[in-house]
Each structure stands twice: as structure tokens, then as C-alpha cells.
Amino acid sequence: MAGCGMSWLKILGAVIVGALLLTVGILLGHFAIPKGGNGPGAPSWVQTVGRDLNESLLQSFMDQVESGKIRENLKALASQPHMATTKGDEELVKLLLRRWQDPQIGLDSASEDVYGAFLSFPDPQRPNSVAVVENSSQIFSTRRSEKNVTADQAHADVVQPYAAYAPPGNPRGRLVYANQGKRSDYQELVNMGINLNGTIAITRYGGAGRADKAVNGAEFGVAGVVVYTDPADINDGRASEEETYPNSWYMPPSGVERGSYNGYFGDLLTPYYPAKEFTYRIKESEIQGIPPIPTQPIGFEDAQTLICNLSGPVAPASWQGSLGCSYHVGPGFRTGGLFPNTSDVQVNVHNQRVIKNSSNVMGFIRGSEEPDRYVLYGNHRDSWVHGAIDPSSGTAVMLEITRVLGKMLKEGKWRPRRSIIFGSWGAEEFGLIGSTEYTEEFYSKLRERSVAYINVDISVFANATLRAQGTPPAQSVIFAAAKQVQTPASSSVSVYDNWRNHFNRISPSYGVIPNLGSLGAGSDYASFIHYLGITSMDIAYTYDRKKTSARIYPAYHTAFDTFDYADRFIDPGFTSHQAVARTAGNVLLRLADSLVLPLNVSDYGEKLDELYSAAAQGDFLANLNANNLSLDPLKTAIGRFKSEAADFNQRITKLKEEESPSPLQIRMVNDQIMLLERAFLNPQAFPNKYYYSHVIWASKSSDQATFPGLADAYTSALETRDWDQVRKHLTIVVQAVESAASTLEAVA
């Protein structure tokens, strides 16, 4: 008993001593640490954790962006052809590494990531061609290369025109004109009484994807496909040499648009896996979305020779073009024309499919306060030929942005709050391969840490106005940046105001504003938005739609896309390139340096309302009601989302009003903003579409202007009378919107 008493006294003494030490510690802490917690005696991280965007530094960045430097960049980048994996491409990899590792203007680090990409090339020893043949004699053949019209166009490494991934073969048959190669176009020919089995179809670009022209034709028995660019679609009808480059920006008659004939993006043999040496690869026979029949592009001068000699019925008015004749559909050639009416057309394709190493070049700037949050900026590097506009105009802008930021970094004047990752993607022209393989390899890390992705592919299509595309949260930051940049035409007009004058819409929330376009899958943002659910945007300057109806800039993917073409006709003085660099760089800095991410979640509400309204009227609604399908749950979910978004923005406003907002609270709301886009993903929603999982932005074949899965299911149900898939996709949409609303709820 005496031993237990002694132990009790020791314990009591220890408690008293501990209490005294705790009291002394509290008193010392109270009087020794300056009030507010961010005085000179506070830890260094306390001094910077609340740092917000520095507007004067932002202005300094824009002031340092030089049009002359961008011009120099473009001249170097487009000095020779640089198709993916070629010598020219490899030299640009070295150029980017040198720039980003430069001790005076470089980034923190740069690296080269290599993937084994499945590619397609023409056989240099056996050129592809389209020929007119009579019995065993060839009486006409298309050009094997474009006509050299300027000195900088000529180069030994200019690749002959071809359709990447088209299979080799030499099919021969009667020629038919099939407009744009849509399914409906081939069906129209059948309706005219034309038997398409064994024919060769000549089609024009536009309307259907490149590969679809051949995929659709094969379904109707077509043996081979020829593709050309009609002057009506690219040249505002101008077709003579005197009216085209080098005398104007229009495509010359010999111009041929090359391209990847592939319906999916990413490496075709390694879907969902990075194309590394160890990676499992599917069989070539299992690849979907590539031409099943030989296909070859030609210039419109050769297309004129073929189409203007066709027999058969006159083509519909909407199928007519600007080749200087009345288009007939065939089959075969007319009597009294250039060729015997018994002549066939033969498509000769000798393409080869190979796996070759393709590189991404990655540049890094480490963030100071939030290094584990990434702002990504990317542009592809590879071209079809010299690629001055596509993609080197974008690379030239990216190099100028990194030059200015690198200089500020090396001089100790700036370090971003969040980390910045720059990507120079490889093999984009073959199907967005480099960027897709990157998102596959770093899938988990990018999903957990990425704030946004900025894409600048073709930075300047023409010099009239800004054109931006993106998901709704990106609207606010792009608008803020565009308001701070002056248009090249006038220092008194902002890029924002000029953009609003050219492309605008009426917003229920803001009135007349610039129209932010939607993202499809046409450039390297595709895997970031569709696969990872990262807020994405694409920024460029473009032409005035009132002055031209061109489908795209006329030298697109041809041998005429050279520095001379860009310097004389696209952007003389490179001031539009400068405006894009300032705008995109402004967006980048706002995303990297703002305390609260400048992405407005409420702007998604307008898009949801728009998609809902398209389904909640007319025949669409009537057919839903007739099949006991209700839109009420979707309406409720959208209402809840808008309410949660409004409450969320109020919480942000209150946080910003605080003198020293809690770093934890800031981090929490930023994570909610970052993760909102992910809430719209459903990997099971589109099982037949590689990578597409975003319920709002997935591709669709229906012309119904509502949610993509719902639109396709509805259109299918009209034919099959099976409305179960409509019910399924209504469920998918409601669940996605509810999930997005929950993401914005106040954290308990």
C-alpha cells in the first residue's frame, strides 16, 4: 500500500509540472508571435501562401512579348519539312530542348519522352497515283507532287500527297462522284439507280471525316476512294493560277490536302496504354476507324479533269462546286469527252505502316506555393510538310511565351504559385498521338493535380479576330485576358471587343458577349477534356467570316504552307501572333498565379440549360412523353447545380473579402473548381468510343442539339423503336449533373 501512494504522488507532480510548462508555452506564444500570424517572425511559407496574381508583373510579361521574335521563331521552325519522326522533326526536338535548357532564358528543366507510335507513310520508291486506264493502257495520271511556286517550298523531304493509314492496293472501276462521302451521299447515288459495287468514288473534303469517306463507301461496295479540295469550299470559288498563291492566299490548283485518315485519336495499337516498348499491342486487323479500301487525295486541277468528264445524271445543286463545269455523278466517262467512255479509274496506293519512335518535349517550371497543382500549355510540333501555320505558328508563340517567362524566372523576378508544364507534342497529325500517350502514361497524376490545359495549335489562321474554344469555366479567364490585350488593328480596341464584334451570342447572364466555341477532338486538347476531364481551351486568331467562306486557311496541309505564305498573306508583321501570345500567356499566368482559380463554375449552368431546352420542346419532347420518359429529373438536377454554383461563388466572394483567408479554405474551393469537370465523366457512358467519357462534350452523330448520348439514343430510337437506350442516357446525364452539383456543395 505504501508503494501505491508514492506512485500516486509522482503522477500528480508530473501533471502539475506539465500544466505549468503548457501555460508558459501559451504565454510565450501569445506575446512572442506578432498578431496576424504573418509578421516578420512568421515562417517563410506564411509570408507567401496568400500571394495573389501580380497585375504589374502580368503587364510586364505582355510588354516583353515581341512580334519580331515570333517571326524569327517561325522562320527557323518552318525552314524545312518536319513530319513526325523525320530528320526535320528530330532537329526541332533538339531546338526545343536547347531553348528550354538555356541558362539565361530557359525553364527549370526540360525532358524528352519517347513513344513507339504506329504510323503510316507512302513508299518513296513507288509513288501513289490516280490513273485513267483503258484496257491495259494508262491514258492519264494525277500529279505526284505539287507545283513549286516559291523558293522556300522546294525541299527534298517534301512528302508526296497521301492518305495516312489507307491500305495499299490497286482497285480499278468506273468513276462516280459522291459529293462529301457521307452515308447519305452514297445512299443518294443508290436512289438514282447507280450500282456502286466495284466503283471508284471521288469525293470532296468536308461534311464527313477523312476516314469516314472510305468507311462509308466500302459499306456500299465502293472499291477505292479519291479525295480532293473543291475551290468552292476553300478558295471562295477561285480556281486559276493567277488568282491563287503566290498571288493570293488561295490554294493553287495543284495543292493537295494531306491528312490522317483515322476516326480515333491516340496510338492505334495501344488504346488506353502508353505506347512504350513493353506495352501490349492489339493486332492491326483489330484497328477500327481507318479506311478499309485504298484512298488517295489529289489536287483540284486533277479533280477537274476527272469530274468534268463524267457521264450520268447531273449532280444535285448542293453537290455542285467551282471546277468550271456542271458536275455529273457517273458512273464512267461521257461520250465525246477527254477519255473513252469505256475507261476506268485506278487508285494506286503503296502506303506502309510502321512503328517508329516519336518524341514529346516537356518543359517544367516548379510552383512555389502549390507545386503539386499543374497548369498545362501545349502545342504539337510535327507537320505534314513545312507546316508554317499548322503547327509552327503555335510553336513560335509558345517559344516566345517561354522565352519571356524563362527570363523572368532566371532573373529571380517571378516564380508561379502553381507548377507550369509545357508540352511540344509529337505525331499529332497522325491522330493526336503524343498528347494522348502522355495522358495515358500519367493518367492518375494528371487527373489528381491538373488545373487546366491551354492548347494553341494553329495560333493564327488569319488576322481578323480572336477565336477561342473551351469548356464553360474557361470563359471567364479568357474574357479577362482578352480585355487586357489590344487588337493589332487599333490600340484603342481590345481583343475582347473586337472578338465580340465578329463572333457573339446573347447570354442570359451577361448580355452580348463573345461566343466561346465548343471543343471537339480536332487538336491536342482532346484527351485532356474527353479522357481526363480537365478544363480545356484552344486559342487562336482567325478570319472574318463575312469576307471568306473558306473551310480553313487555304494552304492547310499542303506544300504551300511555308514561311513566305505566312509572312505575306496570313499575318504580315506578326502582330496577330503577338496578340495570341499575349492573350494565351495572360490566361496562363492567371491560372498559375491567382490565389483563387479564375474559372467560373456558374457558367456551366447556361450550357446545361441550352442542352436541356433542345430536348424539352417540339417532336423531341413529344416522343419522350409518348414513351413515358420524363425530363423532370434532369430539370431538377440542373436547377440544383445552378443553385449550388451560385452558393459556391458567394463563398468565394466572402473568402476574397477576408484580410487573411485560411489557406485550407482556399485550397478546398480550388480543388472543387478543379474537380468540377471530372464530375461530368462517366467511363461507361460511351463503350464504343475510345476515350470519350465526358457526358456533356462527347462526340455524336445525331443532329439533335442536346446532350450527345441522349441525342444519339433518341435518333436511333426513332428508327428501332427501342427507347431503353434513351432512358439509359437520361439516367447518365441526370447522374452526371447531380454529381457536378455535389462537387460544389459546401464541405462539411
Discussion item. Show, in sequence, the C-alpha distance, side-chain angles and deciding distance for Arg210 and Glu257, and conclude whether the salt bridge (charged side-chain N to carboxylate O under 4.0 Å, His left out) test is met.
Written reply: CA-CA 11 Å; Arg210 296 187 189 100; Glu257 179 182 323; 3.6 Å; yes
Closest heavy-atom pair and its distance - [X], [Y]:
X      : Y      : result
Val114 : Ser359 : CG2-OG, 3.7 Å
Asp390 : Ser383 : O-CB, 3.8 Å
Leu97  : Ala110 : CD2-CB, 4.1 Å
Ala208 : Gln180 : CB-O, 3.8 Å
Val314 : Ser326 : CG1-OG, 3.8 Å

Please tabulate, for the side chains in residues 297-305, all donor-acceptor contacts under 3.5 angstrom to protein atoms that are two or more places apart in sequence or on a different chain.
unit_1: Asp302; atom_1: OD2; unit_2: Arg143; atom_2: N; d: 2.9
unit_1: Gln304; atom_1: NE2; unit_2: Leu323; atom_2: O; d: 2.5
unit_1: Thr305; atom_1: OG1; unit_2: Glu301; atom_2: O; d: 3.3

Over 60° means perpendicular and under 30° means parallel, so tell me whether [X] and [Y] are parallel, tilted or perpendicular.
X      : Y      : answer
Tyr245 : Phe560 : perpendicular
Tyr565 : Phe569 : tilted
Phe528 : Trp425 : tilted

Using a 6.0 Å cut-off, check whether atom [atom1] of [X] has over 12 heavy atoms from anything other than its own residue.
X      : atom1 : result
Arg144 : CZ    : no
Glu286 : CD    : yes
Lys689 : NZ    : yes
Lys94  : NZ    : no

With a 4.0 Å cut-off, would you call [X] and [Y] a salt bridge?
X      : Y      : value
Arg551 : Asp233 : no
Arg258 : Glu146 : yes
Asp567 : Lys75  : no

Worksheet item: Glu243: what forms a salt bridge (charged side-chain N to carboxylate O under 4.0 Å, His left out) with it, not counting sequence neighbours?
Response: none
Item to complete: Identify, with sequence neighbours excluded, every residue that meets salt bridge (charged side-chain N to carboxylate O under 4.0 Å, His left out) alongside Glu219.
Response: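 For Glu219, the residues satisfying salt bridge (charged side-chain N to carboxylate O under 4.0 Å, His left out) (neighbours in sequence not counted) are Arg183.
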Working to the nearest 0.5 Å, report the span between [atom1] of [X] and [atom2] of [Y].
X      : Y      : atom1 : atom2 : answer
Leu77  : Glu91  : CG    : CD    : 12.0 Å
Ile200 : Asp344 : CD1   : CG    : 8.5 Å
Ile282 : Thr270 : CD1   : OG1   : 8.5 Å
Glu277 : Ile355 : CD    : CD1   : 10.5 Å
Ile539 : Tyr541 : CD1   : OH    : 12.0 Å

Fill in: Working for side chain to side chain contact (heavy atoms under 4.5 Å, CB included), residues Asn357 and Thr85
CA-CA 7 Å; Asn357 285 341; Thr85 74; over 6 Å; no
Discussion item. Exactly one of Pro246, Pro253, Pro252, Ser254 should register a side-chain contact (heavy atoms from CB on, under 4.5 Å) with Glu241. Which one does?
Written reply: Pro253
Check whether the side chains of [X] and [Y] place a donor and an acceptor atom closer than 3.5 Å, and report yes or no.
X      : Y      : value
His577 : Asp571 : yes
Gln346 : Gln138 : no
Asn455 : Asp457 : no
Asp152 : His386 : no
Thr335 : Asn341 : yes
Asp113 : Tyr115 : no

Practice prompt. Carefully, step by step, assess Trp319 and Asp185 under the rule side chain to side chain contact (heavy atoms under 4.5 Å, CB included).
Written response: CA-CA 9 Å; Trp319 293 24; Asp185 293 333; 3.7 Å; yes
Practice prompt. Begin from the C-alpha positions of Ile234 and Ile552 and carry the test side chain to side chain contact (heavy atoms under 4.5 Å, CB included) through to its verdict.
Written response: CA-CA 7 Å; Ile234 203 78; Ile552 197 169; 3.8 Å; yes
Practice prompt. Check the pair Gln160, Asn128 against side chain to side chain contact (heavy atoms under 4.5 Å, CB included), reporting the backbone distance first and the verdict last.
Written response: CA-CA 8 Å; Gln160 60 177 276; Asn128 296 347; 4.0 Å; yes
Worksheet item: Taking the six-membered ring where the residue is Trp, are the ring centres of Phe339 and Phe140 under 6.0 Å apart?
Response: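 Under 6.0 Å, so yes.
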Practice prompt. Examine Tyr273 together with Phe278 and report whether their ring centres are nearer than 6.0 Å.
Written response: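 No: the rings miss the under 6.0 Å criterion.
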Worksheet entry | With sequence neighbours excluded, residues passing side chain to side chain contact (heavy atoms under 4.5 Å, CB included) with Asp544 | Ala464, His502, Lys546, Lys547
Worksheet item: Residues two or more places apart in sequence or in another chain: which of them pass side-chain hydrogen bond (donor to acceptor under 3.5 Å, both in side chains) with Glu429?
Response: Trp384, His557
Worksheet item: Does the pair Asp212 and Lys182 meet the rule for a salt bridge (charged side-chain N to carboxylate O under 4.0 Å, His left out), with working shown?
Response: CA-CA 7 Å; Asp212 290 336; Lys182 303 187 296 292; over 6 Å; no
Worksheet item: Could you go step by step and tell me if Glu428 and Arg381 meet the salt bridge (charged side-chain N to carboxylate O under 4.0 Å, His left out) rule?
Response: CA-CA 8 Å; Glu428 186 268 2; Arg381 181 185 62 258; over 6 Å; no
Item to complete: Could you point out which residue of Thr548, Asp561, Thr542 forms a side chain to side chain donor-acceptor pair (under 3.5 Å) with Tyr553?
Response: Asp561
Worksheet item: Does anything in residues 249-271 pair up under ring-ring contact (aromatic ring centres under 6.0 Å, His included), and if so which pairs, sequence neighbours excluded?
Response: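 Qualifying pairs: Trp249-Tyr543, Tyr264-Tyr690, Phe265-Tyr691, Phe265-Tyr692.
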